[in-house]
Amino acid sequence: MELTKTFKKEYKQVIRKIKEFDTIVVFRHQRPDYDAFGTQLGLAFWLKDSFPMKKVYYVGANHTTFTGSLYPEMQVLEDEIFEKPFLAIVVDTGNTARIDDERYKKASYIIKFDHHPNVEPYGNINIVANELSSTSELVAHFCLSFKKKYPLPLLSAKYFYSGIVGDTGRFLFSSVDKDTFNVAGELLTYGLRPHIDVYEPMYEKDIASLHLQRFVLDHMQVTEKGIAYYVLEDKDLKELNIHNERGKEFLSLMSNIKGVPIWMCITEIKEKNEYRVSIRSRRLDISQVACKYHGGGHLNASGATIYSLEELPLLIKDLEELI
Ligand code: AMP
């Protein structure tokens, strides 16, 4: 996608707004993934480096696996920071209900950068490209557009690269095009060593992870019409010593099964009395079914929620109807 032509005017408006505010807070979605963290931190460190006189913050929950290895601890911000005028930049988040930290509501001005369908254009400026591989690709492109004046620090290159790799399944998905490689290639010119800086911390496994992998292979079901899935109940998570955030870690084990166009995992979130569903497909558009089950997302990668396992046969039936 030719981003420069599409968003030239908006990019300039964003720079103007950045210059206008002394305080900038970068937000992203709840239950963050690589793209959410990668975009948020890549942008925050570029802002810190480019505008050293400004106060730049990044907020949201930490992650049980990524924080401390690939990404730093999130900042814990006092309420008083949000009482003065500030610019909120919200990345990778389609709708306001999913923004991690409600204090974005106090912002004087909101900029949205995203690659999900623009179901809620909540920003004063909305830069949304839903056919793009990742929000990291979009925001890296934005920062690189001003590289002569504001060069990218190595840390930003690392974070953006991790987001692109995470949301493309290592450059595997259909959303990858020549521009994805162009942006990723340009990130490498800032001294990034992907195998050490990104892949090692990203793919390092603990033993619990291997036990989870065995569980998935042992318990995976495939319906007659070709929906593959596994269910992780709270008792399984406890037995495996795995946080529910990691339930979808082995979703991709089901991604290339012959005769299986749709696959998903269902993870119990005991503290919320719900089951988080991650759905993937090769080609079929699963996003509408995800919407029906309190979720949303992309054509081939969506998330949903069910409130009891009794709903699961209905969800499977709805997905089977797509086949
Ligand atoms: P997940 O299965 O949680 O990895 O989500 C897959 C994709 O769908 C990601 O891009 C999410 O950001 C998106 N997604 C997940 N849940 C929702 C939701 N409730 N509304 C909109 N998009 C979602």
Side-chain angles (χ1 to χ4, degrees), residues 27-40 60-61 63-66 90-100 112-123 126 128-139 162-170 172-176 180 202 216 227-232 242-255 262-269 272 274-282 284-307 311-312 315 318-319:
F27 297 79
R28 42 84 179 148
H29 65 76
Q30 300 160 353
R31 300 185 72 79
D33 51 14
Y34 294 119
D35 193 29
F37 275 120
T39 316
Q40 179 189 33
H63 191 276
T64 40
T65 348
F66 313 151
V90 186
V91 298
D92 198 36
T93 312
N95 54 321
T96 47
R98 293 190 79 220
I99 301 177
D100 193 347
K112 174 186 186 183
F113 276 107
D114 193 25
H115 78 136
H116 295 94
N118 201 5
V119 286
E120 194 187 334
Y122 53 78
N126 296 285
V128 179
N130 68 359
E131 61 273 49
L132 219 64
S133 76
S134 52
T135 312
S136 287
E137 179 185 333
L138 174 64
V139 178
S162 74
I164 296 174
V165 167
D167 249 30
T168 61
R170 291 183 243 177
L172 209 63
F173 301 156
S174 59
S175 53
V176 173
T180 316
M202 207 163 169
V216 170
I227 311 279
Y229 66 94
Y230 64 85
V231 179
L232 276 165
I242 286 274
H243 190 278
N244 57 38
E245 227 168 15
R246 297 178 61 184
K248 63 179 177 181
E249 206 167 289
F250 288 105
L251 195 49
S252 64
L253 280 179
M254 301 181 286
S255 64
I262 299 175
W263 57 99
M264 66 177 164
C265 68
I266 301 101
T267 309
E268 185 171 4
I269 315 292
K272 290 190 164 178
E274 63 184 35
Y275 292 80
R276 174 82 200 156
V277 187
S278 284
I279 316 169
R280 305 289 185 266
S281 74
R282 236 175 263 180
L284 297 167
D285 178 1
I286 48 167
S287 62
Q288 290 314 311
V289 174
C291 279
K292 184 172 166 188
Y293 291 86
H294 320 281
H298 310 281
L299 299 190
N300 308 121
S302 288
T305 301
I306 55 174
Y307 295 94
E311 276 187 81
L312 184 55
L315 170 61
D318 282 333
L319 290 171

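Order of listing sets the numbers, starting from 1, for every ligand and every atom in it.
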Strictly distance-based, threshold 3.5 Å: is any side-chain N or O of [X] a donor or acceptor partner for the main-chain N or O of [Y]?
X: Asp114; Y: Val128; result: no
X: Asp33; Y: Gly166; result: no
X: Tyr229; Y: Ile279; result: no
X: Ser134; Y: Glu137; result: yes

- Message: Quick one, Asp100 and Arg28 - any side-chain contact, counting heavy atoms below 4.5 Å?
- Response: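 A side-chain contact exists here, since the closest heavy-atom pair is under 4.5 Å.
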- Task: Nearest heavy atom to atom 11 (C) of ligand 1 wins, so pick from Glu120, His298, His116.
- Result: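 Result: the heavy atom closest to atom 11 (C) of ligand 1 is in His116.
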- Compare Lys248, Arg31, His115 and give the one whose heavy atom is closest to atom 1 (P) of ligand 1.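 Minimum heavy-atom distance to atom 1 (P) of ligand 1 goes to Lys248.
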- Query: Any side-chain donor paired with an acceptor under 3.5 Å for Glu245 and Thr64?
  - Reply: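 Yes, side-chain donor-acceptor contact under 3.5 Å.
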Nearest non-hydrogen protein atom, [atom]:
atom: atom 14 (N) of ligand 1; result: Gly296 O, 3.4 Å
atom: atom 16 (N) of ligand 1; result: Arg276 NH2, 2.8 Å
atom: atom 2 (O) of ligand 1; result: Ser278 OG, 2.6 Å
atom: atom 19 (N) of ligand 1; result: Gly295 CA, 3.3 Å
atom: atom 7 (C) of ligand 1; result: Ala301 O, 3.4 Å

- ligand 1-proximal atoms of Ser302, by part, heavy-atom distance under 4.0 Å: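 It is the backbone that gets close, since no side chain atom is under 4.0 Å.
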- Query: So is Arg280 in contact with ligand 1, going by heavy-atom distances below 4.0 Å?
  - Reply: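 Arg280: in contact with ligand 1 (<4.0 Å).
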- Message: So which atom in Pro32 and which in Phe66 form the shortest heavy-atom distance, rounded to 0.1 Å?
- Response: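 Of all heavy-atom pairs spanning Pro32 and Phe66, the closest is O-CE1, 4.2 Å.
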